Amino acid sequence: MGSAYPSSSRSPFISYACIFLAVFFILSNAPCEAQLSSKFYDNTCPKALSTIRTAIRTAVSRERRMAASLIRLHFHDCFVQGCDASILLDDSATIQSEKNAPNNNNSVRGFEVIDNVKSQVESICPGVVSCADILAVAARDSSVAVGGPTWTVKLGRRDSTTSGLSQAAANLPSFRDGLDKLVSLFSSKGLNTREMVALSGSHTIGQARCVTFRDRIHDNGTNIDAGFASTRRRRCPVDNGNGDDNLAPLDLVTPNSFDNNYFKNLIQRKGLLQSDQVLLMEDLRTVL
(Lines give C-alpha, C1' and ligand atoms only; values in the text may rest on other atoms or scores of the structure.)
Protein backbone atom coordinates (compact mmCIF):
# COMPACT_ATOMS: atom_id res chain seq x y z
CA MET A 1 0.00 0.00 0.00
CA GLY A 2 1.41 3.41 -0.93
CA SER A 3 1.88 6.25 1.50
CA ALA A 4 -0.56 9.15 1.53
CA TYR A 5 2.14 11.71 2.13
CA PRO A 6 4.46 12.73 -0.70
CA SER A 7 7.49 10.53 -1.24
CA SER A 8 10.95 12.03 -1.01
CA SER A 9 14.55 11.10 -0.36
CA ARG A 10 14.33 13.48 2.59
CA SER A 11 12.41 12.85 5.81
CA PRO A 12 8.72 12.26 4.95
CA PHE A 13 7.72 14.80 7.60
CA ILE A 14 10.04 17.45 6.16
CA SER A 15 8.60 16.84 2.70
CA TYR A 16 5.03 16.99 3.98
CA ALA A 17 5.71 20.05 6.13
CA CYS A 18 7.20 21.92 3.18
CA ILE A 19 4.15 21.22 1.04
CA PHE A 20 1.74 22.07 3.87
CA LEU A 21 3.28 25.44 4.58
CA ALA A 22 3.51 26.24 0.86
CA VAL A 23 -0.18 25.47 0.36
CA PHE A 24 -1.25 27.27 3.52
CA PHE A 25 0.81 30.26 2.41
CA ILE A 26 -1.03 30.26 -0.93
CA LEU A 27 -4.44 29.92 0.72
CA SER A 28 -3.71 32.58 3.35
CA ASN A 29 -2.47 35.03 0.74
CA ALA A 30 -5.24 34.46 -1.77
CA PRO A 31 -6.00 37.48 -3.94
CA CYS A 32 -7.73 40.34 -2.15
CA GLU A 33 -8.23 44.05 -2.64
CA ALA A 34 -5.41 45.01 -0.28
CA GLN A 35 -1.72 45.05 -1.24
CA LEU A 36 -0.11 42.50 1.08
CA SER A 37 3.36 42.75 2.60
CA SER A 38 5.07 40.96 5.47
CA LYS A 39 6.27 44.40 6.64
CA PHE A 40 2.86 46.06 6.50
CA TYR A 41 2.83 47.00 10.21
CA ASP A 42 6.54 47.67 10.67
CA ASN A 43 5.96 51.40 11.08
CA THR A 44 2.33 51.63 12.20
CA CYS A 45 2.38 48.85 14.81
CA PRO A 46 5.87 47.38 15.21
CA LYS A 47 4.92 45.26 18.23
CA ALA A 48 1.86 43.69 16.61
CA LEU A 49 3.43 40.36 15.65
CA SER A 50 5.20 39.83 18.98
CA THR A 51 1.99 40.66 20.83
CA ILE A 52 0.02 38.13 18.79
CA ARG A 53 2.72 35.49 19.18
CA THR A 54 2.84 35.83 22.97
CA ALA A 55 -0.95 35.69 23.28
CA ILE A 56 -1.18 32.58 21.10
CA ARG A 57 1.59 30.82 23.00
CA THR A 58 -0.27 31.53 26.23
CA ALA A 59 -3.57 30.24 24.85
CA VAL A 60 -2.01 27.03 23.49
CA SER A 61 -0.09 26.40 26.72
CA ARG A 62 -3.40 26.55 28.57
CA GLU A 63 -5.14 24.24 26.11
CA ARG A 64 -3.06 22.34 23.57
CA ARG A 65 -6.13 21.67 21.43
CA MET A 66 -6.49 25.40 20.81
CA ALA A 67 -3.68 25.28 18.24
CA ALA A 68 -5.77 23.05 15.99
CA SER A 69 -8.87 25.14 16.61
CA LEU A 70 -7.18 28.37 15.52
CA ILE A 71 -5.69 26.81 12.39
CA ARG A 72 -9.12 25.45 11.50
CA LEU A 73 -10.77 28.81 12.23
CA HIS A 74 -8.44 30.52 9.76
CA PHE A 75 -8.98 27.78 7.17
CA HIS A 76 -12.78 28.08 7.44
CA ASP A 77 -12.46 31.84 7.09
CA CYS A 78 -10.27 31.61 3.98
CA PHE A 79 -12.46 29.00 2.28
CA VAL A 80 -15.37 31.47 2.21
CA GLN A 81 -14.90 34.87 0.52
CA GLY A 82 -11.14 34.69 1.11
CA CYS A 83 -9.20 35.47 4.30
CA ASP A 84 -11.28 38.45 5.41
CA ALA A 85 -12.37 37.59 8.98
CA SER A 86 -15.99 37.29 7.84
CA ILE A 87 -16.27 34.19 10.03
CA LEU A 88 -15.99 36.44 13.09
CA LEU A 89 -19.09 38.47 12.28
CA ASP A 90 -22.09 37.84 14.54
CA ASP A 91 -25.75 37.85 13.56
CA SER A 92 -27.30 41.29 13.20
CA ALA A 93 -30.17 42.96 11.42
CA THR A 94 -28.14 42.89 8.20
CA ILE A 95 -25.84 39.91 8.71
CA GLN A 96 -26.44 36.17 8.79
CA SER A 97 -23.35 34.89 10.51
CA GLU A 98 -21.14 32.21 8.95
CA LYS A 99 -20.99 30.74 12.45
CA ASN A 100 -24.44 29.27 11.75
CA ALA A 101 -23.29 27.23 8.74
CA PRO A 102 -23.62 23.45 9.29
CA ASN A 103 -19.86 22.86 9.31
CA ASN A 104 -19.26 25.80 11.67
CA ASN A 105 -22.14 25.69 14.13
CA ASN A 106 -21.10 24.11 17.42
CA SER A 107 -17.85 23.18 15.70
CA VAL A 108 -15.41 26.03 14.99
CA ARG A 109 -13.95 27.53 18.13
CA GLY A 110 -11.26 29.88 19.39
CA PHE A 111 -13.26 33.08 18.99
CA GLU A 112 -12.52 34.14 22.55
CA VAL A 113 -8.80 33.76 21.92
CA ILE A 114 -8.99 35.99 18.84
CA ASP A 115 -11.05 38.52 20.83
CA ASN A 116 -8.35 38.58 23.49
CA VAL A 117 -5.57 39.00 20.93
CA LYS A 118 -7.48 41.80 19.22
CA SER A 119 -7.96 43.55 22.58
CA GLN A 120 -4.23 43.36 23.33
CA VAL A 121 -3.28 44.65 19.89
CA GLU A 122 -5.83 47.46 20.12
CA SER A 123 -4.31 48.54 23.42
CA ILE A 124 -1.00 49.32 21.71
CA CYS A 125 -2.18 50.28 18.21
CA PRO A 126 -5.85 51.31 18.17
CA GLY A 127 -7.59 50.81 14.83
CA VAL A 128 -4.51 49.64 12.95
CA VAL A 129 -4.33 45.83 12.76
CA SER A 130 -7.17 43.99 11.03
CA CYS A 131 -8.88 40.94 12.48
CA ALA A 132 -8.18 39.13 9.20
CA ASP A 133 -4.45 39.61 9.73
CA ILE A 134 -4.72 38.51 13.35
CA LEU A 135 -6.42 35.27 12.23
CA ALA A 136 -3.70 34.62 9.65
CA VAL A 137 -0.83 35.24 12.08
CA ALA A 138 -2.58 33.27 14.85
CA ALA A 139 -2.79 30.21 12.57
CA ARG A 140 0.93 30.39 11.81
CA ASP A 141 1.86 30.92 15.46
CA SER A 142 -0.41 28.04 16.51
CA SER A 143 1.41 25.69 14.15
CA VAL A 144 4.77 26.74 15.56
CA ALA A 145 3.52 26.37 19.14
CA VAL A 146 2.94 22.63 18.64
CA GLY A 147 6.09 21.89 16.66
CA GLY A 148 4.67 22.46 13.20
CA PRO A 149 6.03 24.42 10.25
CA THR A 150 6.25 28.19 10.07
CA TRP A 151 5.74 30.47 7.10
CA THR A 152 5.89 34.15 6.25
CA VAL A 153 2.49 35.82 6.63
CA LYS A 154 1.86 38.69 4.29
CA LEU A 155 -0.21 41.39 5.95
CA GLY A 156 -2.58 44.18 5.03
CA ARG A 157 -5.89 42.34 4.72
CA ARG A 158 -9.08 44.27 5.17
CA ASP A 159 -11.88 43.02 7.37
CA SER A 160 -15.12 42.10 5.66
CA THR A 161 -18.36 43.84 6.54
CA THR A 162 -20.44 41.13 4.89
CA SER A 163 -20.97 37.47 5.70
CA GLY A 164 -20.98 34.49 3.37
CA LEU A 165 -23.36 32.15 5.17
CA SER A 166 -24.69 30.57 1.98
CA GLN A 167 -21.15 30.05 0.67
CA ALA A 168 -20.05 28.56 3.98
CA ALA A 169 -22.98 26.16 3.92
CA ALA A 170 -22.23 25.05 0.37
CA ASN A 171 -18.44 25.19 0.12
CA LEU A 172 -16.87 24.13 3.41
CA PRO A 173 -15.65 20.52 3.41
CA SER A 174 -17.67 18.13 5.57
CA PHE A 175 -16.73 14.99 7.47
CA ARG A 176 -19.38 13.25 5.35
CA ASP A 177 -17.84 14.21 2.00
CA GLY A 178 -16.55 11.58 -0.37
CA LEU A 179 -13.42 11.87 -2.44
CA ASP A 180 -15.04 13.39 -5.52
CA LYS A 181 -16.74 16.11 -3.48
CA LEU A 182 -13.53 16.97 -1.63
CA VAL A 183 -11.50 17.17 -4.84
CA SER A 184 -14.16 19.41 -6.36
CA LEU A 185 -14.30 21.76 -3.36
CA PHE A 186 -10.55 22.21 -3.19
CA SER A 187 -10.29 22.54 -6.96
CA SER A 188 -12.76 25.42 -6.79
CA LYS A 189 -10.17 27.23 -4.64
CA GLY A 190 -7.38 26.52 -7.09
CA LEU A 191 -5.89 23.64 -5.10
CA ASN A 192 -5.03 20.27 -6.63
CA THR A 193 -5.33 16.85 -4.99
CA ARG A 194 -1.75 16.83 -3.73
CA GLU A 195 -2.30 20.19 -2.07
CA MET A 196 -5.61 19.00 -0.64
CA VAL A 197 -3.88 16.04 0.99
CA ALA A 198 -1.15 18.29 2.40
CA LEU A 199 -3.69 20.64 3.97
CA SER A 200 -5.66 17.70 5.37
CA GLY A 201 -2.50 16.79 7.25
CA SER A 202 -3.33 19.55 9.71
CA HIS A 203 -5.61 16.91 11.23
CA THR A 204 -2.47 15.60 12.87
CA ILE A 205 -3.60 17.76 15.79
CA GLY A 206 -7.01 18.45 17.26
CA GLN A 207 -10.07 16.47 18.25
CA ALA A 208 -13.43 15.61 16.74
CA ARG A 209 -16.88 15.15 18.25
CA CYS A 210 -18.51 11.73 18.33
CA VAL A 211 -21.28 12.93 16.03
CA THR A 212 -18.71 13.40 13.24
CA PHE A 213 -17.30 9.87 13.32
CA ARG A 214 -20.14 7.75 14.76
CA ASP A 215 -21.22 6.28 11.43
CA ARG A 216 -17.66 5.38 10.50
CA ILE A 217 -16.85 3.43 13.66
CA HIS A 218 -20.19 1.61 13.80
CA ASP A 219 -20.74 0.64 10.15
CA ASN A 220 -18.38 -2.38 10.29
CA GLY A 221 -16.82 -1.32 6.99
CA THR A 222 -13.62 -2.73 5.54
CA ASN A 223 -11.78 0.61 5.44
CA ILE A 224 -11.41 0.86 9.22
CA ASP A 225 -9.18 -1.12 11.58
CA ALA A 226 -11.41 -3.27 13.79
CA GLY A 227 -9.44 -2.65 16.96
CA PHE A 228 -9.40 1.08 16.34
CA ALA A 229 -13.16 1.11 15.77
CA SER A 230 -13.76 -0.90 18.94
CA THR A 231 -11.71 1.53 21.02
CA ARG A 232 -13.53 4.56 19.68
CA ARG A 233 -16.96 2.98 20.29
CA ARG A 234 -16.34 3.06 24.05
CA ARG A 235 -16.98 6.80 24.16
CA CYS A 236 -19.16 7.11 21.10
CA PRO A 237 -22.33 4.98 21.38
CA VAL A 238 -24.28 4.06 18.28
CA ASP A 239 -27.45 5.93 19.29
CA ASN A 240 -27.79 9.51 18.06
CA GLY A 241 -27.97 11.97 20.93
CA ASN A 242 -25.93 9.72 23.22
CA GLY A 243 -22.43 11.11 23.69
CA ASP A 244 -22.60 13.35 20.62
CA ASP A 245 -20.12 15.83 22.07
CA ASN A 246 -17.62 13.28 23.39
CA LEU A 247 -14.21 13.99 21.91
CA ALA A 248 -11.55 11.79 20.35
CA PRO A 249 -8.15 12.81 18.94
CA LEU A 250 -7.82 12.95 15.17
CA ASP A 251 -4.34 11.47 15.58
CA LEU A 252 -4.37 8.69 18.16
CA VAL A 253 -0.55 8.46 18.38
CA THR A 254 0.64 12.03 18.93
CA PRO A 255 -2.57 14.08 19.23
CA ASN A 256 -0.83 17.24 20.45
CA SER A 257 2.15 17.33 18.11
CA PHE A 258 2.33 18.50 14.50
CA ASP A 259 3.91 15.53 12.69
CA ASN A 260 3.13 12.98 9.96
CA ASN A 261 1.45 10.33 12.13
CA TYR A 262 -1.88 11.41 10.65
CA PHE A 263 -0.82 9.88 7.34
CA LYS A 264 0.54 6.77 8.99
CA ASN A 265 -2.83 6.34 10.67
CA LEU A 266 -4.58 6.45 7.30
CA ILE A 267 -2.30 3.74 5.96
CA GLN A 268 -3.33 1.57 8.93
CA ARG A 269 -7.03 2.38 8.31
CA LYS A 270 -7.15 4.38 11.54
CA GLY A 271 -8.38 7.68 10.18
CA LEU A 272 -11.05 8.99 12.55
CA LEU A 273 -13.12 10.82 9.95
CA GLN A 274 -14.43 9.20 6.81
CA SER A 275 -13.44 12.33 4.87
CA ASP A 276 -9.84 11.68 5.97
CA GLN A 277 -9.76 7.96 5.24
CA VAL A 278 -11.00 8.45 1.67
CA LEU A 279 -7.72 10.23 0.95
CA LEU A 280 -6.08 6.82 0.78
CA MET A 281 -8.39 5.47 -1.90
CA GLU A 282 -6.50 3.81 -4.73
CA ASP A 283 -7.47 6.28 -7.44
CA LEU A 284 -6.19 9.19 -5.36
CA ARG A 285 -2.90 7.53 -4.41
CA THR A 286 -2.07 7.15 -8.09
CA VAL A 287 -1.79 10.92 -8.50
CA LEU A 288 0.28 11.62 -5.38
Side-chain angles (χ1 to χ4, degrees), residues 1-8 12-13 15-16 19-20 23 68 71-72 75-76 79 102-103 107 171-188 191-288:
M1 179 177 291
S3 171
Y5 52 77
S7 60
S8 172
F13 175 62
S15 177
Y16 151 65
I19 294 175
F20 170 84
V23 177
I71 291 173
R72 184 168 183 256
F75 173 76
H76 277 223
F79 227 71
N103 292 325
S107 179
N171 296 335
L172 285 174
S174 166
F175 62 90
R176 296 186 179 90
D177 288 342
L179 180 59
D180 289 344
K181 179 67 176 296
L182 290 171
V183 170
S184 176
L185 288 174
F186 279 82
S187 176
S188 71
L191 301 173
N192 61 35
T193 52
R194 187 181 181 87
E195 293 165 336
M196 175 186 72
V197 171
L199 277 177
S200 298
S202 64
H203 283 180
T204 187
I205 55 175
Q207 301 185 60
R209 297 163 58 227
C210 165
V211 68
T212 65
F213 58 85
R214 172 180 282 123
D215 290 346
R216 171 162 165 73
I217 63 174
H218 286 286
D219 69 0
N220 297 312
T222 58
N223 69 339
I224 186 169
D225 178 83
F228 172 74
S230 177
T231 298
R232 288 291 165 251
R233 288 176 192 143
R234 295 171 189 169
R235 285 185 45 78
C236 187
V238 66
D239 298 325
N240 290 329
N242 186 3
D244 284 2
D245 293 330
N246 289 348
L247 297 173
L250 291 164
D251 174 3
L252 77 166
V253 181
T254 52
N256 294 317
S257 297
F258 204 112
D259 53 31
N260 68 349
N261 276 317
Y262 162 84
F263 295 112
K264 294 178 181 179
N265 294 336
L266 298 187
I267 293 170
Q268 297 169 7
R269 296 179 296 127
K270 295 180 180 179
L272 186 63
L273 304 179
Q274 181 61 26
S275 56
D276 283 337
Q277 194 61 52
V278 296
L279 299 182
L280 207 69
M281 289 178 64
E282 186 66 35
D283 54 346
L284 180 59
R285 284 188 283 123
T286 60
V287 303
L288 296 177

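In what follows, every heavy atom counts, from backbone to side chain, and hydrogens, waters and symmetry copies are set aside. All values derive from a computational prediction rather than experimental measurement.
No side-chain donor-acceptor contact under 3.5 Å links Ser184 to the backbone of Asp180. Looking at Asn192, its side chain does come within 3.5 Å of a backbone N or O of Glu195 through a donor-acceptor pair. Formation of a donor-acceptor pair under 3.5 Å by the Arg233 side chain with backbone atoms of Val238 is not found in this model. Between the Arg216 side chain and the Gly271 main chain, a donor and an acceptor come within less than 3.5 Å of each other.
A 4.5 Å side-chain heavy-atom check between Arg209 and Asn246 finds every atom pair outside the cut-off. Looking at Val211 and Phe175, their side chains never come closer than 4.5 Å, going by heavy atoms from C-beta outward. Between Lys264 and Val253 the shortest side-chain heavy-atom distance does not fall below 4.5 Å.
Closest of all the heavy-atom pairs between Arg269 and Asn223 is CB-O, 3.7 Å. Of all the heavy atoms in Pro237 and Gly243, the pair that sits closest is CD-CA, 4.5 Å. Annotation for Ala208 and Phe213: closest pair O-CE2, 3.4 Å, computed over non-hydrogen atoms. The two residues Leu182 and Pro173 have their closest heavy-atom pair at CD2-CB, 4.0 Å. A pairwise comparison of heavy atoms in Leu199 and Leu191 identifies CD1-CD1, 3.7 Å as the closest pair. Closest non-hydrogen pair, Phe79 versus Leu185, comes out as CZ-O, 3.9 Å.
Taking CG from Asp219 and CD from Gln274, the interatomic distance works out to 7.0 Å, rounded to the nearest 0.5 Å. Separation of atoms OG1 (Thr231) and CG (Asp225) is listed at 8.5 Å; rounding is to 0.5 Å. Between the NZ atom in Lys270 and the CG atom in Leu252 there is a gap of 6.0 Å [rounded to 0.5 Å]. Rounded to the nearest 0.5 Å, atoms SG (Cys236) and NE2 (His218) are 5.0 Å apart. Taken to the nearest 0.5 Å, the CG atom of Leu179 stands 8.5 Å off from the OG1 atom of Thr193. To the nearest 0.5 Å, the span separating CG on Asp245 from CG on Leu247 amounts to 7.5 Å.
Looking at Asn260, Asn256, Asn265 one by one, the single match for side-chain hydrogen bond (donor to acceptor under 3.5 Å, both in side chains) with Asp251 turns out to be Asn265. Each of Ile71, Leu272, Asp276 was scored for a side chain to side chain contact (heavy atoms under 4.5 Å, CB included) with His203, with one residue passing: Asp276.
Between Arg214 and Asp244 there is a salt bridge, with a side-chain nitrogen of the basic residue lying less than 4.0 Å from a carboxylate oxygen of the acidic one.
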Stepwise side-chain contact (heavy atoms from CB on, under 4.5 Å) test for Ser200 and Leu279: CA-CA 9 Å; Ser200 298; Leu279 299 182; 3.5 Å; yes
What do the steps show when you test Gln277 against Ile224 for side-chain contact (heavy atoms from CB on, under 4.5 Å), and what is the final call? CA-CA 8 Å; Gln277 194 61 52; Ile224 186 169; over 6 Å; no
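Side-chain contact check for Asp259 and Thr204: at least one donor-acceptor pair (N or O, by modelled atom type) lies under 3.5 Å. Side chain to side chain, Arg72 and Ser107 meet the donor-acceptor criterion of an N or O pair below 3.5 Å.
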